[in-house]
Amino acid sequence: MKNGKILVLALIFVLVTGALFAQNPITELQKGVEDFSSAMAKALPFNSTMGLNWSDAYIGQIVGVPPHFGVGLFLGSTLLDSGDIETLAHAMNANVPGGFSKLPYPGFGAEGRVGGFLLPFDAGIKIAALPSLSDDFDLHHFMLGGDIRYAILKGNAALPKLSLGVGFNYMSGGMGIDIPGTQSYSVGGDTLTLASPKAEFTWQTLTLDIKAQVSKSFAIVTPYLGAGLTHGWSEAGYEITSNLTYNNGSPHPLADSDKTTINDALKGAGLEPIDFDGASGFSSIIKNTQWGFRLFGGLAFNLALIKIDLSGLYNFNDQSFGLTLGTRFQL
């Protein structure tokens with residue numbers, strides 16, 4: 001791989017793959033995707049909550065002078081447990097660098113918020129998109145989310161602002177890499193062989209987010225603190241495209257009876273079966289649902305009509321942290 005491709009891949013999963021000749025049990029590959037899906041079920045909903053964590057717990061009404069609204073950008077990263085993807089990495093003959101218990105999962109986007117009318121509420125929306133980078137290294141990302149917050153306290157010289165909110169987020173992504181050489185997996189005493197495969201890792205999540213936030217402005221700074229309860233419907237897995245051959249005494253193109261043998265071995269190990277696409281590849285997508293609880297907070301610097309937010313996040317599900325930096329124009 002070229003250095004640029006390795007760098008981008010390292011930012012996502014730090015899986016640096018070379019020519020593959022080692023043989024691993026097919027059960028290790030499937031155990032790896034189940035661990036991978038479990039890790040993503042914790043990390044994806046947490047990552048999807050980046051953005052719209054504005055310092056002001058309530059920005060005011062859109063009606064009036066001036067009308068209250070804002071637009072801006074955010075950039076940050078949450079962390080992913082490296083231990084939960086080591087099995088999949090090893091099964092793909094890739095490496096997770098040692099010494100790192102957490103790996104970065106970056107996020108970014110554009111965001112906007114508008115004040116409500118009649119009732120003390122505001123509403124926000126965020127979006128991010130990263131198209132495929134190239135044919136031989138396919139990395140893509142999409143995120144769309146929004147929320148509505150209702151002000152329990154609108155704030156004044158003595159009292160802080162306090163709001164309750166609810167939001168929905170959708171996030172999907174994937175990366176594909178061409179793997180040189182030959183990859184083989186053992187199935188009992190038999191062998192499944194993949195010639196120059198292309199591996200595509202995919203993930204997506206839909207989250208319901210309920211949150212509370214308090215903030216108080218002091219001259220040019222606004223400290224804030226919040227808590228969120230998130231329910232995520234997530235899935236993650238892989239798709240491998242390759243000419244498949246099977247050797248149970250003599251090599252031959254993968255047959256239906258061979259697929260049955262492979263899936264029987266997986267079921268016997270208590271693992272999910274593989275979905276085969278004829279003899280041209282196979283895939284496995286594992287679904288997970290999970291509740292998560294997080295804290296978030298930070299400090300905003302108020303520079304006339306420009307606000308700069310520095311936010312920290314903590315995910316109780318896997319004891320991981322996140323950090324975001326946002327800047328926006330806000331009235």
Side-chain angles (χ1 to χ4, degrees), residues 45-76 78 107 109-127 143 145-169 207-231 292-316 321-331:
F46 184 46
N47 186 274
S48 76
T49 63
M50 287 196 300
L52 292 180
N53 295 319
W54 291 22
S55 55
D56 292 310
Y58 167 62
I59 68 169
Q61 299 272 285
I62 187 62
V63 295
V65 181
H68 292 291
F69 68 93
V71 292
L73 302 170
F74 69 90
L75 174 68
T78 57
E111 56 187 354
R113 188 175 292 281
V114 61
F117 55 93
L118 298 181
L119 297 176
F121 73 92
D122 61 30
I125 189 170
K126 59 184 179 181
I127 188 169
M143 183 270 293
D147 69 10
I148 296 177
R149 305 184 303 180
Y150 185 86
I152 305 299
L153 294 175
K154 292 188 285 185
N156 55 36
L159 295 175
K161 295 177 181 179
L162 173 65
S163 66
L164 297 178
V166 61
F168 287 92
N169 302 298
T207 61
L208 166 66
D209 189 39
I210 302 167
K211 58 186 177 181
Q213 182 179 341
V214 62
S215 67
K216 187 73 173 75
S217 292
F218 302 94
I220 64 169
V221 297
T222 302
Y224 54 100
L225 181 66
L229 182 65
T230 303
H231 190 271
F293 181 67
R294 77 184 188 283
L295 294 177
F296 63 94
L299 190 68
F301 298 93
N302 310 314
L303 309 175
L305 300 180
I306 302 299
K307 295 182 182 289
I308 300 173
D309 281 349
L310 181 62
S311 300
L313 305 91
Y314 180 74
N315 184 10
F316 284 87
F321 293 89
L323 188 67
T324 64
L325 176 66
T327 183
R328 65 185 180 276
F329 169 85
Q330 181 182 327
L331 281 176

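All residue numbers refer to positions in the sequence shown, counting from 1. Worth saying up front: this structure is predicted, and the values here are computed from it rather than measured.
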Output side-chain donor-acceptor pairs under 3.5 Å for residues 115-125, partner residues at least two apart or in another chain, one line each.
residue : atom : partner : partner atom : Å
D122    : OD1  : R113    : NH1          : 3.1
D122    : OD1  : R149    : NE           : 3.0
D122    : OD2  : I59     : N            : 3.1
D122    : OD2  : R149    : NH2          : 2.9

Look up atom CG in L323 and atom CE in M50, then write down how far apart they are to the nearest 0.5 Å. 9.5 Å
Name all residues meeting the side-chain contact (heavy atoms from CB on, under 4.5 Å) criterion together with L299; count only those two or more places apart in sequence or in a different chain, and write none if there are none. V221, P223, F301
I need the full list of salt bridge (Lys or Arg N to Asp or Glu O under 4.0 Å) pairs touching residues 322-331, with sequence neighbours left out, sorted by first then second residue. D309-R328
Taking atom CG of L313 and atom CG of L295, what is their separation to the nearest 0.5 Å? 9.5 Å
Run the salt bridge (charged side-chain N to carboxylate O under 4.0 Å, His left out) test against K161 and tell me which residues pass, sequence neighbours left out. D56
Straight-line distance of L52 CG to D147 CG, nearest 0.5 Å: 5.0 Å
Would you mind telling me which of S215, S311, S55 makes a side-chain hydrogen bond (donor to acceptor under 3.5 Å, both in side chains) with Y224? S311
Shortest non-hydrogen pair, R294 vs N53, comes out as NH2-OD1, 4.3 Å
Please enumerate all residues that pass side chain to side chain donor-acceptor pair (under 3.5 Å) together with T78, with sequence neighbours excluded. N47
Could you tell me if W54 and E111 have a donor-acceptor pair between their side chains, going purely by distance under 3.5 Å? yes
Non-neighbouring partners of L73 that pass side-chain contact (heavy atoms from CB on, under 4.5 Å), sequence neighbours left out: A110
Is H68 reaching over with its side chain to a backbone N or O of I62, donor-acceptor style, under 3.5 angstrom? no
With sequence neighbours left out, write down each residue that passes side chain to side chain donor-acceptor pair (under 3.5 Å) with T207, or none if nothing qualifies. S48, N169
Residue set satisfying ring-ring contact (aromatic ring centres under 6.0 Å, His included) with Y314, at least two apart, ordered chain then number -> F316, F321
Kindly write out the residues that satisfy side-chain contact (heavy atoms from CB on, under 4.5 Å) with I152, not counting sequence neighbours, or none if the list is empty. Y150, L162, L164
Of all residues at least two apart in sequence or in a different chain, which pass the side-chain contact (heavy atoms from CB on, under 4.5 Å) check with L75? F108
Please list, chain by chain and in numerical order, all residues satisfying side chain to side chain donor-acceptor pair (under 3.5 Å) with K216, sequence neighbours excluded. none
Is there side-chain contact between L229 and L208, with at least one heavy-atom pair below 4.5 Å? no
Suppose we screen for side chain to side chain donor-acceptor pair (under 3.5 Å). Which residues come up paired with S217, at least two apart in sequence or across chains? T222
